[in-house]
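We use all heavy atoms of the structure for the numbers below, so side chains are in, but hydrogens, waters and symmetry mates are not. Below, chain A is the first sequence line, B the second, and so on; all start at residue 1.
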Amino acid sequence: MSTSKSETIQTVIQPTRGWKMVNFKELIMYRELIFFLTWRDLKVRYKQTILGVAWAVIQPVMTMVVFSVFFGGLAKVPSDGIPYPLFSLAGLMPWQLFENSMRNASKSLVANRNMITKIYFPRVILPLSSVLASLVDFFVALPILIVMMIVYGYHVNIYILLIPYYLLLTVLTSFGVSLWFSAMDVMYRDVGIVVPFVSQIWMYITPIAYGSSLISDPKWQFIYNLNPMVGVVNGFRSAFLGVYTQIPIQSMVFSLLISLIILFGGLFYFRHMEKQFADLI
Amino acid sequence: MAKYSVEVNQIGKRYRIGVSTRQYNTLRDTLAGVFHNPKSRLYTKMTEENSFWALKGVSFKVEEGKAIGIIGRNGAGKSTLLKILSRVTEPTEGSALIHGRVGSLLEVGTGFHPELTGRENIFLNGAILGMKRTEIESKLDEIIAFSEVEKFVDTPVKRYSSGMYLRLAFAVAAHLDPEILVVDEVLAVGDAEFQRKCLGKMSDVASQGRTVLFVSHNMSAIMRLTDQTVVLERGKVVMQGPTADAVDYYLSQGFSQEGQHEWKEDEFDKNPAPFHPIRIRVLSEAGTVSDTVRSTEKFYVEMDYSLDEDIAGLRVGFYVISTRGEFVLTSFDVDDPEKFEKYSTRKAGRYTSRCTIPGDFLNEGRFVIGVNASIFKIRTYFHDEQALVFNVNGTGAPGTQWPEPRTGLIRPRLNWEIESKGE
């Protein structure tokens with residue numbers, strides 16, 4: 001968008017036809033807006049709170065405590081041989097990144113209605129910056145997991161290098177799901193009701209409070225693995241806690257495939273709906 | 001050959017009405033609706049019955065560096081046009097070609113967040129309007145100075161007065177530096193001093209050789225800032241030409257009723273109930289309805305309306321504007337304290353409010369009457385900014401022995417004393 005006097009930008013305004021992909025070149029032009037909206041989301045979330053950004057740590061820790069008491073302690077849920085608190089926290093970290101991203105990003109369009117009806121910018125920036133803001137929260141909470149590992153005497157091994165991959169997968173999946181939900185939310189506000197509910201159910205079908213070894217029937221295992229978060233959560237936990245002894249190529253590729261299907265479907269759907277946002281919202 | 005900044009070619013915009021505007025209030029209604037008519041909640045094709053054209057076949061060109069005004073009554077499609085040109089929404093048909101970076105100000109303070117401080121909002125809003133961070137940083141002091149909120153710049157804007165909020169918002173917008181500026185009615189807010197400042201800034205922009213597209217109801221602002229004006233009516237361009245001609249055309253269009261105007265249901269873009277405007281008339285001194293009155297004689301402006309229910313604090317009045325957009329006067333039927341007491345609550349029923357305008361008051365020329373029925377600061381029931389046009393004939397007015405037009409909106413018969421001091 002920088003303009004030297006000689007260069008003029010030419011814009012053609014006309015109805016778009018057919019299915020188009022989100023314009024990534026334009027997104028790069030708008031990178032500063034992405035930064036500012038992410039920054040705003042973070043800033044606003046912890047404004048006028050006493051504990052501020054500490055909430056990003058408190059949430060997973062409190063959930064871990066509750067899980068450890070009820071599932072680990074009372075119900076004796078199997079945890080793949082890992083001490084239950086550590087097991088659940090290592091699952092909760094990627095999960096809460098996913099869940100927070102999805103919850104915030106899904107309502108991001110409707111929440112920023114006044115921007116959408118008044119200013120042009122690539123709409124996809126709104127869910128994107130919500131996801132990025134949740135990613136920052138994740139990194140704020142991450143040290144607590146490292147502290148827990150030290151407490152339980154766990155060491156990392158070379159497979160810790162897989163963590164960025166699993167993080168990327170979490171972000172891609174949550175972004176993909178958010179594209180669908182946020183675009184649908186513009187037309188059907190039912191989405192606002194459905195998302196918290198979906199995220200709750202989704203958590204139960206993801207191995208966070210229990211180990212996935214609980215599902216032993218191969219037929220069910222396949223269906224279970226269709227949930228991309230199964231591979232992500234298991235992978236993240238195993239890579240972080242040094243459980244892996246070899247690269248889990250098969251599950252890595254499988255999770256990636258499902259994530260990409262959701263993501264690309266979402267990108268097309270979003271782009272298709274985008275032109276109507278300002279009229280319908 | 002002139003270079004064009006904006007070329008609009010046969011733009012049309014169709015909006016869906018009916019089905020999609022049906023409100024569903026409860027989940028049960030929604031489910032019931034889906035059950036009875038599953039397709040209705042989903043995508044249905046737009047047909048002539050369930051849609052309307054907010055714009056149709058709109059074409060015009062704006063030369064580079066020119067300021068163009070867009071005027072029209074409420075619902076004529078002005079805002080839709082600006083939304084299309086600033087790419088907020090897509091046209092249904094047609095195309096537009098824009099040469100240069102567009103800055104659109106459809107509203108000041110877009111994206112302002114109440115929890116953030118003034119300074120933080122400057123950065124956020126600047127980024128939303130398309131400014132670079134370095135650009136904002138270099139203009140930061142200027143923006144803060146322009147907004148006059150220096151002392152509070154690190155206070156969350158939710159604690160600002162509405163005036164401060166607006167000043168800050170406009171300050172950011174005013175420092176936007178695009179080649180083409182699209183502005184909608186942003187000047188309609190704030191106090192007189194602030195409006196003056198905004199208008200000044202706007203004419204700076206226009207005189208710097210930027211292309212400006214300006215929508216406003218403020219005819220004097222349009223006259224001051226623009227050279228060319230497009231008049232829209234029901235989604236179509238009905239007139240395009242030099243601003244003075246276009247404003248005159250706009251303010252006097254569609255008034256063949258000869259001194260009276262009866263309102264029809266489809267004229268309101270929002271239902272004025274429980275207030276029902278019926279008609280407005282201009283009556284000469286003799287009591288005949290007429291579109292021309294004499295400057296030397298008194299005349300009456302009469303409004304008929306009915307109320308469905310009792311309304312407390314209602315005032316019904318009108319204002320008179322010249323065809324150049326200058327306000328001559330504003331008057332309400334309960335301006336008089338005694339009447340204000342007596343009609344503190346108006347019972348349901350039919351009413352006529354009649355105002356006498358004295359003779360030897362208005363200068364010759366053409367005037368527009370706008371109507372307003374409202375409760376002060378609470379609610380505006382009805383507003384018609386050009387309900388009626390009438391002419392004032394200057395025959396016999398002071399000074400008519402010289403066949404020259406007198407400047408000024410009023411032509412009072414003033415008392416002069418000429419003293420001869422002798423030799």
Side-chain angles (χ1 to χ4, degrees), chain A residues 1-5 7-17 26 29-49 111-123 125-126 129 187-190 193-194 272-281, chain B residues 5 8-9 11-13 15-16 20 24 27 30 41-43 83-102 104-117 120-121 123-136 156 177-179 184:
Chain A
M1 302 262 292
S2 69
T3 45
S4 63
K5 288 280 171 256
E7 148 204 26
T8 50
I9 300 161
Q10 187 164 324
T11 317
V12 181
I13 295 167
Q14 59 186 22
T16 49
R17 311 220 182 273
E26 199 181 22
M29 262 169 33
Y30 277 89
R31 61 188 179 275
E32 287 198 346
L33 183 57
I34 300 175
F35 167 81
F36 274 113
L37 288 177
T38 306
W39 167 84
R40 180 195 71 175
D41 276 5
L42 285 167
K43 201 94 200 190
V44 167
R45 193 173 313 159
Y46 300 116
K47 275 258 164 141
Q48 220 171 356
T49 58
N112 291 290
R113 187 189 297 134
N114 62 340
M115 276 173 71
I116 290 180
T117 54
K118 298 294 177 196
I119 293 282
Y120 173 78
F121 56 92
R123 310 308 189 200
I125 287 180
L126 288 170
S129 52
M187 207 184 307
Y188 310 106
R189 294 292 145 82
D190 313 58
I193 303 162
V194 165
H272 185 67
M273 301 304 287
E274 188 176 18
K275 59 185 172 194
Q276 302 181 60
F277 285 171
D279 300 338
L280 291 174
I281 205 160
Chain B
S5 283
V8 177
N9 189 14
I11 286 245
K13 174 77 187 179
Y15 279 108
R16 193 180 288 271
S20 75
Y24 49 92
L27 191 63
T30 315
R41 293 247 52 85
L42 301 168
Y43 201 81
K83 277 188 179 179
I84 289 171
L85 293 179
S86 50
R87 291 208 286 161
V88 166
T89 186
E90 268 191 0
T92 311
E93 59 178 36
S95 66
L97 199 60
I98 292 179
H99 305 273
R101 185 166 85 144
V102 178
S104 61
L105 288 181
L106 300 196
E107 188 180 270
V108 289
T110 306
F112 260 41
H113 200 290
E115 297 287 347
L116 298 177
T117 69
E120 288 164 346
N121 269 310
F123 277 94
L124 180 67
N125 188 229
I128 290 169
L129 293 175
M131 286 176 171
K132 296 249 149 222
R133 181 155 43 151
T134 47
E135 202 179 329
I136 304 168
D177 217 11
E179 283 122 23
D184 189 1

*Asks:* Pick one of side chain, backbone, both or neither for B:Thr117, based on which atoms fall under 4.5 Å of a heavy atom in chain A.
*Replies:*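 For B:Thr117, backbone and side chain are both near chain A.
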*Asks:* Hey, which of A:Leu42, A:Thr38, A:Leu33, A:Asn112 is the one that makes side chain to side chain contact (heavy atoms under 4.5 Å, CB included) with A:Ser129?
*Replies:*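 One option only clears the test, and that one is A:Thr38.
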*Asks:* Between B:Asn125 (side chain) and B:Gly111 (backbone), is there a donor-acceptor pair under 3.5 Å?
*Replies:*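 No, the answer is negative, given that no donor and acceptor are paired below the 3.5 Å cut-off.
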*Asks:* Side chain, backbone, both or neither: which part of A:Ile125 has an atom under 4.5 Å from a heavy atom of chain B?
*Replies:*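 Neither part.
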*Asks:* Is chain B contacted by the side chain of A:Asn114, its backbone, both, or neither, given a heavy-atom distance below 4.5 Å?
*Replies:*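 Interface part for A:Asn114: both.
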*Asks:* Could you have a look at A:Ile116, A:Thr16, A:Leu37 and say which one has the most heavy-atom pairs with chain B under 4.5 angstrom?
*Replies:*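 Looking at each option in turn, the highest pair count goes to A:Thr16.
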*Asks:* Need one label for B:Glu135: side chain, backbone, both or neither, based on atoms under 4.5 Å from any heavy atom in chain A.
*Replies:*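 Neither part, no heavy atoms under 4.5 Å.
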*Asks:* Using non-hydrogen atoms only, which part of A:Phe35 is less than 4.5 Å away from chain B: side chain, backbone, both, or neither?
*Replies:*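 It is the side chain, since no backbone atom gets that close.
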*Asks:* Name the member of B:Ser95, B:Ala96, B:Ala127 that forms the most heavy-atom pairs with chain A at distances under 4.5 Å.
*Replies:*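 With the most close heavy-atom pairs to chain A, the winner is B:Ala96.
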*Asks:* Of all the heavy-atom pairs spanning B:Leu116 and A:Lys47, show the shortest one and how long it is.
*Replies:*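 The pair with the smallest heavy-atom distance is CA-NZ, 4.0 Å.
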*Asks:* Treating B:Glu115 as the side-chain partner and A:Val44 as the backbone partner, does any N or O pair qualify as donor plus acceptor under 3.5 Å?
*Replies:*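 Not at all, since once roles are kept as given, no pair shorter than 3.5 Å links the two residues.
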*Asks:* Under 3.5 Å, is there a donor-acceptor pair between the side chain of B:Arg87 and the main chain of A:Thr11?
*Replies:*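 Not confirmed, B:Arg87 side chain does not pair with A:Thr11 backbone.
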*Asks:* Any heavy-atom pair between the side chains of A:Phe121 and A:Leu126 that's under 4.5 Å?
*Replies:*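 A side-chain contact under 4.5 Å exists here.
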*Asks:* When heavy-atom pairs shorter than 4.5 Å are enumerated against chain B, which of A:Arg123, A:Gln14, A:Glu274 gives the highest number?
*Replies:*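 Result: the option with the highest number of such pairs is A:Gln14.
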